Amino acid sequence: DKYNGTAFVTRSTDGGKTFAPPSPITSGSPSQRFETAGLAPDGRLFAVWIDKRNAAKARSEGVKYAGAALAFSTAGKANTEFSPATIARDNTCECCRIALAFTPDGRPAVVFRNIFDGGVRDHALITFSDLATPGPVMRASDAAWATEACPHHGPSLAIAPDGSYHVTWFTSGKTRKGVFYARSLDSGKSFTEPLALGTAGRRISRPYVLATREKLTLAWKEFDGERTEVRAMTSGDGGKSFSAASTVAATGDESDHPMLVAAGGKVYLSWQTKSEGYRLIAVEPQS
């Protein structure tokens, strides 16, 4: 594949009917993966991805290097050319997706699985000062998960209109195991005690969080050995309390990861399954 190992972007000006040929976000890297992009409030495209260029350089020099790096780039106003790739953080987990959201004043915030001292792979948060300047690394989860392997299971991040941060993640650490949610009222400097999601005894995975002006919605997958369900619950007070969880959709076959989208004041589950195909299902207010 001529595109293998490189992060690309394409765009549509006709509502997705046609797309321009893909353009590389950056070049000169032996491996780029898990790219995530979002439109800043000023209309410019911001992209972030996992990048192995520094790992390859270290390997060629015989220097030990753990994991990969978090890289980013910003497109110009026409969204056709990107700024040179910049490394925001070395030594990140190399195979976990990245969560991206924008603060109310238009600054990118990124949650990713970092490699902390001792090989601990917990989540970290970086809020940018602007589209070109990453801020300090702050810890978003603390489960003491020391592992030499990549969990292949990244976080989700939503920033509400009031500026509060909302994060969901999976861990199998020394002090905490499962799927969790927490919120921050100080831009990630501190987080609430993690709230465990899901039904005990089931395989719980792939949590997702979405914040709208009206409510906060959480969704995740549960597998009981035969059937996979997407469960959801909502909060009308910014994550202080939640409704009881209920099943939004289910399948007896293979399925993709659940995602939440908002349109017209409603929240929808976006889910692809092998048996049922693609479904866009309204997540009704939970009682």
Side-chain angles (χ1 to χ4, degrees), residues 1 3-9 22 24-38 46-60 63-73 85-101 108-126 134 137-157 167-174 176-180 197 203-209 220-221 223 228 254-259 272:
D1 190 320
Y3 299 142
N4 186 42
T6 302
F8 282 79
V9 65
I25 296 174
T26 182
S27 60
S29 173
S31 177
Q32 301 154 22
R33 57 187 75 170
F34 293 91
E35 61 277 1
T36 301
F46 177 86
V48 61
W49 64 93
I50 300 299
D51 196 291
K52 296 282 281 188
R53 70 186 68 199
N54 285 356
K57 182 175 183 293
R59 186 168 56 250
S60 69
V63 177
K64 187 176 181 179
Y65 183 101
L70 183 75
F72 70 95
S73 180
T86 301
I87 301 299
R89 173 74 174 181
D90 277 300
N91 305 124
T92 70
C93 205
E94 59 268 43
C95 291
C96 286
R97 73 180 188 273
I98 304 165
L100 168 66
V110 179
V111 176
F112 57 98
R113 194 180 293 278
N114 190 49
I115 302 178
F116 291 98
D117 292 343
V120 170
R121 301 200 181 201
D122 287 338
H123 292 94
L125 164 72
I126 292 177
V137 175
M138 293 178 284
R139 198 166 192 136
S141 70
D142 190 354
W145 192 0
T147 176
E148 292 298 320
C150 183
H152 289 260
H153 201 143
S156 177
L157 167 67
V167 181
T168 59
W169 71 93
F170 166 81
T171 186
S172 187
K174 181 178 180 180
R176 188 173 284 115
K177 300 179 187 294
V179 168
F180 297 89
L197 305 179
R203 187 187 303 168
I204 306 161
S205 64
R206 304 297 171 183
Y208 200 94
V209 58
W220 62 92
K221 293 174 76 171
F223 180 63
T228 298
E254 298 174 1
S255 63
D256 202 351
H257 310 325
M259 295 182 64
Q272 175 84 18

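Here the structure is a predicted model, which is why all the values come from computation and not from measurement.
Note that the CD1 atom of Ile115 and the OG1 atom of Thr147 stand 9.5 Å from one another [nearest 0.5 Å]. To the nearest 0.5 Å, atom OH of residue Tyr65 and atom CG of residue Asn54 are 5.0 Å apart. Annotation: the span from Leu157 atom CG to Phe112 atom CZ amounts to 12.0 Å, rounded to 0.5 Å.
At least one donor-acceptor pair under 3.5 Å links the side chain of Ser156 to the backbone N or O of Val209. Without hydrogens or angle criteria, Arg33 side chain to Glu94 main chain gives a donor-acceptor distance under 3.5 Å. With Ser31 contributing its side chain and Lys52 its backbone, the two residues share no donor-acceptor pair below 3.5 Å. Without hydrogens or angle criteria, Arg206 side chain to Lys221 main chain gives no donor-acceptor distance under 3.5 Å.
In this structure, Pro151 and Ser172 have side chains that are not in contact, with every pair of non-hydrogen atoms separated by 4.5 Å or more. Put simply, the side chain of His123 does not reach to within 4.5 Å of the side chain of Val167, judged on heavy atoms. The shortest side-chain heavy-atom distance between Leu100 and Phe46 falls under the 4.5 Å cut-off. The closest side-chain heavy-atom distance from Ser73 to Trp49 is below 4.5 Å. The side-chain heavy atoms of Cys95 and Phe34, taken from C-beta on, include a pair separated by under 4.5 Å.
Heavy-atom contacts from other residues, nucleotides or ligands closer than 6.0 Å to CE of Met138 number more than 12. Other residues, nucleotides and ligands contribute more than 12 heavy atoms inside 6.0 Å of the NZ atom of Lys177.
When all heavy atoms are compared, the tightest approach of Gln32 to Arg53 is NE2-NH2, 4.2 Å. Between Ser141 and Asp122, the closest heavy-atom pair is O-CB, 3.3 Å. Of all non-hydrogen atoms in Tyr208 and Thr168, the two that sit nearest each other are N-OG1, 3.7 Å. Minimum interatomic distance between Arg176 and Asp142 (heavy atoms only, all atoms of both residues): NH1-O, 3.4 Å. Here the closest non-hydrogen pair linking Ile50 and Cys96 is CG1-O, 4.2 Å.
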Inset, instruction - Begin with the C-alpha distance, continue with both residues' side-chain angles, and end with the deciding distance and a verdict on side-chain contact (heavy atoms from CB on, under 4.5 Å) for Val110 and Phe72. - result: CA-CA 10 Å; Val110 179; Phe72 70 95; over 6 Å; no
Inset, instruction - In sequence, state the C-alpha distance, the side-chain angles, and the governing distance for Arg121 and Cys150, and then conclude on side-chain contact (heavy atoms from CB on, under 4.5 Å). - result: CA-CA 8 Å; Arg121 301 200 181 201; Cys150 183; 4.1 Å; yes
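Ser205 and Arg203 are not linked by any side-chain donor-acceptor pair at a separation below 3.5 angstrom, with hydrogens and angles left out of the test.
By the ring pair (Phe, Tyr, Trp, His ring centres under 6.0 Å) test, Phe170 is found to be paired with Trp145, His153, residues two or more places apart in sequence or in another chain being considered.
For the pair Arg139 and Phe116, the cation-pi test (distance below 6.0 Å, angle within 45°) is passed.
Between Leu70 and the choices Asp51, Ile126, Asn91, the side chain to side chain contact (heavy atoms under 4.5 Å, CB included) rule is met once, by Ile126.
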